[in-house]
Amino acid sequence: MPDDLNWAIGGEAGDGIDSTGKIFAQALSRAGRHVFTSKDFASRIRGGYTAYKVRTSVDRVESVVDRLDVLIALTERTVDENMDELHDGSVVIFDGERTMMKDFEAPGEMTGLDVPLKRLAEEAGGAIVRNIVALGAACEVAGFPIENLDEALEKRFSDKGSAIVDTNKEAARLGQQHVQDEYELETSYELETTDSDYVLLNGDEAIGMGAIAAGCRFYSGYPITPATDVMEYLTGRVDRYGGKVVQAEDELSAINMALGAARAGARSMTATSGPGIDLMTETFGLIAQTETPLVICDVMRSGPSTGMPTKQEQGDLNMTLYGGHGEIPRFVVAPTTIAECFHKTIEAFNLAEKYQTPVFLVSDLAMAVTEQTYEPEQFDMDAVEIERGRVVDEDGLEEWTNEKAQFTPHAATDDGVSPRTFPGVEGGAHMTTGLEHDELGRRTEEEAVRVEQVEKRQQKVETAREHEDWSPREFGDPGSDNLVISWGSNEGAMLEAIDRLEEEGVGVRFLSCPYVFPREDIAEEINAADEAIVVECNATGQWADVLEHDALERVKRINKYTGVRFKADELAERVKQELAGETAEVEAE
């Protein structure tokens with residue numbers, strides 16, 4: 001019996017692929033199984049290939065793999081798109097009564113199950129539930145108790161009334177019964193259930209949840225794939241805590257609204273993707289110049305320009321590190337897992353206020369749309385600490401006023417961090433301009449003041465280097481001379497790749513870096529390794545360039561820029577090729 005099952009449903013956009021996949025993922029999660037999902041969808045509302053894949057096991061799963069065991073194919077193209085992952089034991093469920101599938105035959109030694117999805121759905125109550133019929137058939141193929149599917153259907157449709165829930169349950173049972181009656185299956189699949197309790201969420205949801213836990217009370221944004229789900233998660237939820245979500249007319253308006261709210265004392269945030277980051281860049285400079293704490297979330301996608309909005313890439317690293325005219329102090333934090341999206345969001349808010357500087361929270365499409373299971377204890381709200389930094393009220397104001405009793409919001413300090421007041425603090429009224437300014441926030445071109453203010457703003461980064469932990473996450477064999485370094489969402493695939501490499505006798509030390517700037521200096525580790533390999537989803541190796549600059553040492557590079565995330569088995573093979581001195585070609589997806 002396989003250690004895990006890989007299931008997928010595919011068809012055209014508008015066929016209900018996403019909702020069907022979510023229902024099955026939720027059913028598996030509620031049955032105490034670990035889940036890891038992935039999506040392939042086109043940048044259109046209807047038409048174009050789309051798929052939802054679920055990998056499930058009783059053990060933790062961290063990545064997608066090059067194997068597909070059960071496929072619900074609503075179109076023949078679905079089979080063609082997944083042919084490289086299908087194998088002789090795969091089962092393909094299709095509707096032979098559908099015009100586009102009437103001549104379909106399962107290739108090779110695969111098992112094809114012709115299930116009249118639409119006809120059975122109409123028997124249950126309506127053609128709209130045909131995908132649920134397919135789920136019932138899949139439950140029979142996978143040996144998954146259909147009662148667990150019932151729970152997911154109840155959760156999904158309970159607000160629409162018991163009749164809708166019953167229709168969906170009946171549709172699932174008709175699909176199951178058809179397979180039982182018409183086919184004698186000899187598959188090795190039998191999905192074990194457990195009593196474990198898991199939370200199933202994606203990266204955008206985890207960022208939204210982290211923002212609420214961090215005390216975010218204002219969010220402004222403009223819809224853009226794949227960042228929109230952050231706003232959708234916060235809408236309605238943040239209101240319960242006295243917060244507000246505003247859908248702005250564009251990205252410029254969104255970041256300026258967030259800036260205004262932050263100046264008023266609210267923990268504020270905006271989220272966007274590459275094109276939106278471009279538009280926000282001018283205000284980004286204003287945020288840094290005025291020393292306003294603000295979190296800007298960049299959920300990366302394939303670029304440049306409009307690029308491929310629904311495809312994966314880590315191409316915005318240079319933008320977050322260097323974007324903007326002049327020299328702008330900033331922090332760049334890149335969560336490495338979905339759970340880390342929660343924790344690093346909280347950390348981003350704390351860093352922004354402690355050091356009064358903008359913080360880029362960098363995620364990507366692969367993490368944004370992937371749903372993964374976690375133990376609820378990993379999101380302990382009671383353990384969240386809020387650090388608002390050097391905020392002063394009436395009692396502490398005197399220390400930060402000049403000889404004229406004027407508050408100095410940009411006072412030069414040894415650590416670069418100035419005092420901050422909230423509106424309404426008596427004696428704390430002040431102004432700040434985006435022009436170069438003095439300690440009072442008033443514009444100046446005096447050379448000595450200019451130098452003082454520039455050095456003060458830059459000093460905040462050095463202070464943070466000294467007082468915060470910027471360590472990478474370390475995995476694998478700590479004594480190995482083979483060093484792999486990555487950042488962001490590649491961690492899960494690399495962890496499973498390490499296990500595969502170990503089975504082949506190849507030891508690897510892996511450093512996964514959630515902090516892009518400031519960052520821990522790992523030059524010594526790079527210089528000491530026999531082989532240093534940097535893994536990232538972009539064409540030029542932006543993180544590799546940064547590390548080479550730090551270490552003054554060349555590194556090997558594994559880059560993928562097809563629009564598809566790394567898979568564990570693929571990554572294991574490419575690491576092995578690099579260690580053997582072979583140049584790995586990027587396969588066309």
Side-chain angles (χ1 to χ4, degrees), residues 63 300 312-322 332-337 360 362 364 366 465 470-502 504-562 564-587:
S63 172
M300 297 178 290
Q312 162 68 357
E313 193 166 279
Q314 294 175 298
D316 296 354
L317 181 69
N318 287 339
M319 185 67 181
T320 59
L321 274 175
Y322 311 118
V332 183
V333 179
T336 58
T337 68
F360 273 123
V362 184
D364 58 37
R465 288 187 198 275
W470 307 104
S471 304
R473 292 154 60 87
E474 183 167 349
F475 305 94
D477 179 2
S480 176
D481 293 325
N482 301 320
L483 178 65
V484 175
I485 309 166
S486 191
W487 68 286
S489 65
N490 307 313
E491 180 179 294
M494 190 61 217
L495 289 182
E496 291 202 8
I498 289 173
D499 292 338
R500 293 166 185 263
L501 290 167
E502 285 179 349
E504 299 182 36
V506 180
V508 171
R509 181 187 180 196
F510 174 44
L511 298 181
S512 181
C513 303
Y515 301 108
V516 177
F517 188 82
R519 58 186 173 272
E520 184 172 290
D521 186 355
I522 57 174
E524 186 175 334
E525 284 82 354
I526 293 173
N527 292 324
D530 287 347
E531 300 288 354
I533 305 170
V534 178
V535 173
E536 53 191 317
C537 282
N538 56 51
T540 59
Q542 295 177 29
W543 185 230
D545 287 344
V546 169
L547 296 179
E548 285 183 347
H549 177 274
D550 290 350
L552 300 178
E553 182 79 22
R554 289 290 187 186
V555 297
K556 292 187 174 181
R557 305 174 183 220
I558 294 178
N559 301 107
K560 187 172 185 179
Y561 42 95
T562 59
V564 179
R565 70 188 309 159
F566 282 110
K567 299 176 183 177
D569 34 16
E570 166 204 19
L571 197 47
E573 183 61 29
R574 293 188 63 178
V575 169
K576 195 165 58 175
Q577 288 176 342
E578 289 292 343
L579 293 176
E582 303 172 15
T583 301
E585 295 288 336
V586 178
E587 293 185 7

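On a predicted model such as this, the values are computed, not experimentally measured, just so you know. Start at 1 with the first residue, then count along the sequence.
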**Study point:** Ion pair check, Arg574 and Asp569, cut-off under 4.0 Å
**Key:** no
Practice item. Find out whether Phe566 and Cys537 are in side-chain contact, i.e. whether some heavy atom of one side chain is under 4.5 Å from a heavy atom of the other. Key: yes
**Study point:** Val534 vs Trp543 side-chain heavy atoms within contact, under 4.5 Å
**Key:** yes
Exercise for review: Verify, without hydrogens or angle tests, whether Glu570 (side chain) and Lys567 (backbone) share a donor-acceptor contact under 3.5 angstrom.
Suggested key: yes
Point to revise | Pair Glu313 + Lys560, salt bridge at N-O below 4.0 Å | key: no
Study note, to complete from the structure: In short, Ser480 meets Gly507 closest at the heavy-atom pair OG-O, 2.9 Å
**Study point:** N/O donor-acceptor pair under 3.5 Å between Ser486 side chain and Glu491 backbone
**Key:** no
Practice item. Carefully, step by step, assess Ile485 and Ile533 under the rule side chain to side chain contact (heavy atoms under 4.5 Å, CB included). Key: CA-CA 6 Å; Ile485 309 166; Ile533 305 170; over 6 Å; no
Check your understanding: So, the side chain of Arg565 versus the backbone of Ala366: is there a donor-acceptor pair under 3.5 Å, distance only?
Key -> yes
Review point. Under a 4.5 Å cut-off applied to non-hydrogen side-chain atoms, are Met494 and Val508 in contact?
Key: yes
Review point. Are Ile526 and Glu553 close enough that some pair of their side-chain heavy atoms sits under 4.5 Å apart?
Key: yes
Exercise for review: Answer with yes or no whether the side chains of Asp316 and Gln542 bring together a donor and an acceptor at under 3.5 Å.
Suggested key: no
Check your understanding: Does the distance from a Lys or Arg side-chain N to an Asp or Glu carboxylate O, for Asp550 and Arg519, drop under 4.0 Å?
Key -> yes
**Study point:** Min side-chain heavy-atom separation Arg473-Phe510 under 4.5 Å
**Key:** no
Review point. In Å and rounded to the nearest 0.5 Å, what is the CZ to OG distance from Phe475 to Ser512?
Key: 6.0 Å
Point to revise | Residue list, side-chain hydrogen bond (donor to acceptor under 3.5 Å, both in side chains) with Asp364, at least two apart or on another chain | key: Gln312, Ser489
Review point. Just how far is it from atom CG of Asn538 to atom CZ of Arg557, taken to the nearest 0.5 Å?
Key: 9.0 Å
Practice item. Consider only side-chain N and O atoms of Ser471 and Glu520, and report whether a donor and an acceptor are under 3.5 Å apart. Key: yes
Study note, to complete from the structure: Of all heavy-atom pairs linking Ala572 and Arg500, the shortest is CB-CB, 4.1 Å
**Study point:** Distance, nearest 0.5 Å, that separates CD of Glu504 from CG of Asp499
**Key:** 12.0 Å
Review point. Do Thr320 side-chain atoms and Leu317 backbone N/O form a donor-acceptor pair below 3.5 Å?
Key: yes
Exercise for review: Please indicate whether Arg465 has more than 12 foreign heavy atoms, meaning atoms of other residues, nucleotides or ligands, lying under 6.0 Å from its CZ.
Suggested key: yes
Exercise for review: Could you tell me the separation between the CG atom of Leu552 and the CG atom of Leu547, rounded to the nearest 0.5 Å?
Suggested key: 12.0 Å
Exercise for review: Measure the shortest side-chain to side-chain distance between Pro472 and Tyr515 over non-hydrogen atoms and say whether it is less than 4.5 angstrom.
Suggested key: no
Point to revise | CA sep, side-chain torsions, deciding dist, call: Glu578, Ile558, side chain to side chain contact (heavy atoms under 4.5 Å, CB included) | key: CA-CA 8 Å; Glu578 289 292 343; Ile558 294 178; 3.8 Å; yes
Point to revise | Val516 vs Val362 side-chain heavy atoms within contact, under 4.5 Å | key: no
Practice item. Would you indicate whether the side-chain heavy atoms of Leu501 and Leu579 approach each other to under 4.5 Å? Key: no
Check your understanding: What's the spacing between Glu502 CD and Asp477 CG if we round to 0.5 Å?
Key -> 7.0 Å
Practice item. Taking all heavy atoms of Ala568 and all of Glu496, pick out the closest pair and write down the distance. Key: CB-CB, 3.6 Å
Study note, to complete from the structure: One should read off an interatomic distance between Asn527 CG and Leu483 CG, to the nearest 0.5 angstrom, of 10.5 Å
**Study point:** All pairs passing salt bridge (Lys or Arg N to Asp or Glu O under 4.0 Å) where residues 524-544 contributes a residue, at least two apart
**Key:** Glu531-Lys556
